[in-house]
Visitor: 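A single structure is presented below for examination.
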Amino acid sequence: MTVRVRFAPSPTGDPHIGNIRTVIFNWLFARKMGGQFILRIEDTDRTRFKPGSIETIMEGLRWLGLDWDEGPGLEELQRAGVKDAEKYAVGGPYGPYFQSERLHLYREVAEELIERGWAYRCNCSPERLERVRAMQRARGQRTMYDRRCRSLPPDAISPDEPHVIRLKVPLTGRTVFHDMLRGELSFENASIDDQILLKSDGFPTYHLAVVVDDHYMQITHVIRGDDWIASTPKRILIYQAMGWEPPTYCHVPLVNGPDGKKLSKRHGAISITEFRDQGYLPDALFNFLALLGWAPGQGDEQEIFTREELIDRFDLSRVNRAPAIFSYDKLDWMNGVYIRNLSQDDLLERLIPVWQRAGLVPDPCPEETRAMLRRIVPLVQERIKRLNDVVALTDFFFVDIEPPSAEEMIPKGLDAEQSAEVLARVRAVLADLPDFDEERIEQALRALVAELGLKNRQVFGLIRWATTGKKVSPPLFGTLSILGRERTLARLEAAEKVLRAG
RNA sequence: GCCCCCAUCGUCUAGCCAGGUCUAGGACACGGGCCUUUCAAGCCCGCGACACGGGUUCAAAUCCCGUUGGGGGCACCA
C-alpha cells in the first residue's frame, strides 16, 4: 500500500511555523516513501474562519516548495471564494477536500454510530454544560460531560430538534494505540469524555471529521503535533465502533520559543508569511526546520542539505521525542549561508523587491538603476543574513544623507582642522582621477594615506563617515565608485564644512 | 486538580534501540586571536552537557525504578 499523508489546516489565520515544521515532516515522509501528500481544509468551525487564510496557507506551502499531490479542485476553491483559484487547484480522486463540502458523510457516520450503540443524542444547553464544568472545577475534578443524556430512551430526543451527537465512551477498560515514536500509549476509558461528534449546527467536530476523512481518503500515516496525543483515544474508539482500521500514528513534538514556552508573537516571527517578508530564503527555512527535532544521525555532521539530500536521508522514526526550541540565531546563520551561496544574478532579483518595498527603488526598476544595483550585490552578499538587511546597509546609495557630526567623524589622533585638511586632499585626489573605478580609487587613496603618514583606518574611516553617513558600510572603494564621483565629492565637501564650522 | 508525554553543552543535535572504542563528537551562539579601511565572511583557539538518586552489570550517557524539572491535554476549537 502506498503511503498517504495529509496536512489538514483550518483556515483560521497565517500558518504557524511550528505547524509548518510538522508539515515538512509529512511532506518529507511522503516524498521519501514515494507516496502522496494531501491537502485538506478543515473548515468546520464557522466562527473562527478568517477570510483569505486559505490563500495564505496555500501560498505559504508553495513558497516553501511543499507541493501537494491532492487537494481542493478548481470548483471547490471557487465555491470557497478563494482568489486565484486556478493557481492552487489540484483536485484528486478522494474529494471534496473541504470538510464543509463533506457534511453528509459526517452525518451518516454519526447516525451509524447511534445505531451501533456507540453514540447518543444530547440536548443539554451550553449553559448547563458550563455550570457542570464550573462545579467540577470547584471540586478540583477533571471537567467532563456528566453524561446526563446518555441513558435517555432512544426516542427521547427527536432528530428534528436541536441537539448534538456524542460518543458513548466505554465506562471501563483502557484504550490503547501505537505511536511510531513513543510505542504503546494507553488511556483509561473512564477518563475520556463523551466527546461531541456532531455539533448542533450540523457540522462535525474535529474528532469525527478527521476520522471519517482520513478513512475515506485512505490516509495511512497521521503525522501531527503531540498536543493531539491525549485526545487520540476518542478517535480510536470511533475507528473501533465503525470497524475501520486506524492509520499509523506519529506524534511529533511541538516547537517552543527561546524561553521554553509555546512559540508566540513576542518571540519574533511565527507565521510563514512573516518569515518570507523578513527576507528568509525558502530553502534556508526548509533546511532549518527539517533539522529542528530531526537529524540524519550516523555521525553525520553536515548542516546544509539540499532538498534532495533531505528527502534521501529523512527517517520519520528518528524524529526527536522532546520538544525543540526555535533558534532565531541559527536560522539567521543558515539563511546567511544560503544567501552567500546564491549567484549574484539570483540575489539581485531577490533584492530588487526588497529595495522597492523600502521605497528606495522605483517599481518597475529602470535599467540604469538595475545596473547600479548589480554592482552593489557583491558588496553586500556576505554581509546580510536576511534579505531585508540590505536596506539599512545600502540606503545611503539611494537617498541624500545628513552630514555626520564632527564628533563622529574625527578619527583618533586628529583634530577637526586636520580632518578637514585630509578631506580636502582626498577630494583633490579623487577629482583628478581619470576614471572613477574601484581599483584607481583604492590605488590613489592608499598612496595618499602613505604620503600623509596616517593610518588606513584613520583616513578610510573618515571618508566612510563623510560619504555614507555611517560608521559601518560596505567596502569603501567599491562603495565610492558606485556612489559616483559627483556625489562622492559633494558629500566630502559637505563633511569638510561641518568640520571647519566646528 | 486529573491524565499523558519528554529529559546530552545556553540552543539544535550525534552517541542510547544491539552497555565497554565517550577524558561525550558536530553546528549555532558566546569569548579570544589571525586577516583587515569599518562591518561581515573566512581560518585558528577557547568556554560549555550526560537533571538528581537508587538499582542491574566486571562495566551505564546508554537498561530498570523513583524524584525533580519541562511540555501537552482536559470546549458545540482545531
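Each chain gets a letter, A, B and so on, in the order its sequence line appears, and its residues count up from 1.
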Visitor: Report which part of the nucleic acid A:Gln458 touches: base, sugar-phosphate, or nothing (heavy-atom distance under 4.0 Å, all strands).
Guide: nothing
Visitor: Going by the angle between their ring planes, with limits at 30° and 60°, are A:His207 and A:Trp228 parallel, tilted or perpendicular?
Guide: perpendicular
Visitor: Could A:Arg313 and A:Phe305 be counted as a cation-pi pair, given that NZ or CZ must be under 6.0 Å from the ring centre and within 45° of the axis?
Guide: no
Visitor: With a 4.0 Å cut-off on heavy atoms, is A:Lys385 in touch with a base, just the backbone sugar-phosphate, or nothing at all?
Guide: sugar-phosphate
Visitor: When we call it a touch if two heavy atoms are under 4.0 Å apart, what does A:Arg137 touch: a base, just sugar-phosphate, or nothing?
Guide: nothing
Visitor: Kindly state whether the ring of A:Tyr239 and the ring of A:Tyr249 have centres lying under 6.0 angstrom apart.
Guide: no
Visitor: Select from A:Thr143 and A:Ser327 the residue whose nearest nucleotide in RNA chain B is closer to the 5' end of that strand.
Guide: A:Ser327
Visitor: Determine the contact category for A:Arg139: base if any of its heavy atoms lies under 4.0 Å from a base atom, sugar-phosphate if only primed atoms, P, OP1 or OP2 are that close, otherwise nothing.
Guide: nothing
Visitor: Where do A:Ser405 and A:Glu408 land on the side-chain hydrogen bond (donor to acceptor under 3.5 Å, both in side chains) test, with the steps shown first?
Guide: CA-CA 5 Å; A:Ser405 69; A:Glu408 287 171 319; 3.3 Å; yes
Visitor: May I ask you to say what A:Arg318 touches in the nucleic acid, namely base, sugar-phosphate or nothing, with a heavy-atom cut-off under 4.0 Å?
Guide: sugar-phosphate
Visitor: Between A:Trp294 and A:Phe25, is the ring centroid distance below 6.0 Å?
Guide: no
Visitor: Assign A:Gly293 to base, sugar-phosphate, or nothing according to its heavy-atom contacts below 4.0 angstrom with the strands shown.
Guide: sugar-phosphate
Visitor: Base, sugar-phosphate or nothing for A:Ser191? Non-hydrogen atoms, less than 4.0 Å.
Guide: nothing
Visitor: Heavy-atom nearest nucleotide on RNA chain B for A:Pro475 versus A:Asp259: which residue maps closer to 5'?
Guide: A:Pro475
Visitor: What range of RNA chain B does chain A touch, first nucleotide to last, counting atoms under 4.0 Å from its heavy atoms?
Guide: B:rG1 to B:rA78
Visitor: Once you apply a heavy-atom cut-off of 4.0 Å, does A:Ile325 come out as touching a base, just sugar-phosphate, or nothing?
Guide: sugar-phosphate
Visitor: Base, sugar-phosphate, or nothing: which does A:Arg48 touch, judged by heavy atoms less than 4.0 Å apart?
Guide: base
Visitor: Is the distance from the ring center of A:Tyr106 to that of A:Phe203 below 6.0 Å?
Guide: no
Visitor: Describe the nucleic acid contact of A:Leu254 in one word from base, sugar-phosphate, nothing, applying a heavy-atom distance below 4.0 Å.
Guide: sugar-phosphate
Visitor: Tell me what A:Glu42 touches on the nucleic acid: a base, only sugar-phosphate, or nothing, going by heavy atoms under 4.0 Å.
Guide: sugar-phosphate
Visitor: By the 4.0 Å heavy-atom rule, please label A:Asp332 as base, sugar-phosphate, or nothing.
Guide: nothing
Visitor: Tell me whether A:Arg321 is salt-bridged to A:Asp179, with the criterion being a basic N under 4.0 Å from an acidic carboxylate O.
Guide: no
Visitor: At 4.0 Å (heavy atoms only), tell me whether A:Phe477 reaches a base, stays on the sugar-phosphate, or touches nothing.
Guide: base
Visitor: How would you label the contact of A:Ser200 with the nucleic acid (heavy atoms, under 4.0 Å): base, sugar-phosphate, or nothing?
Guide: base
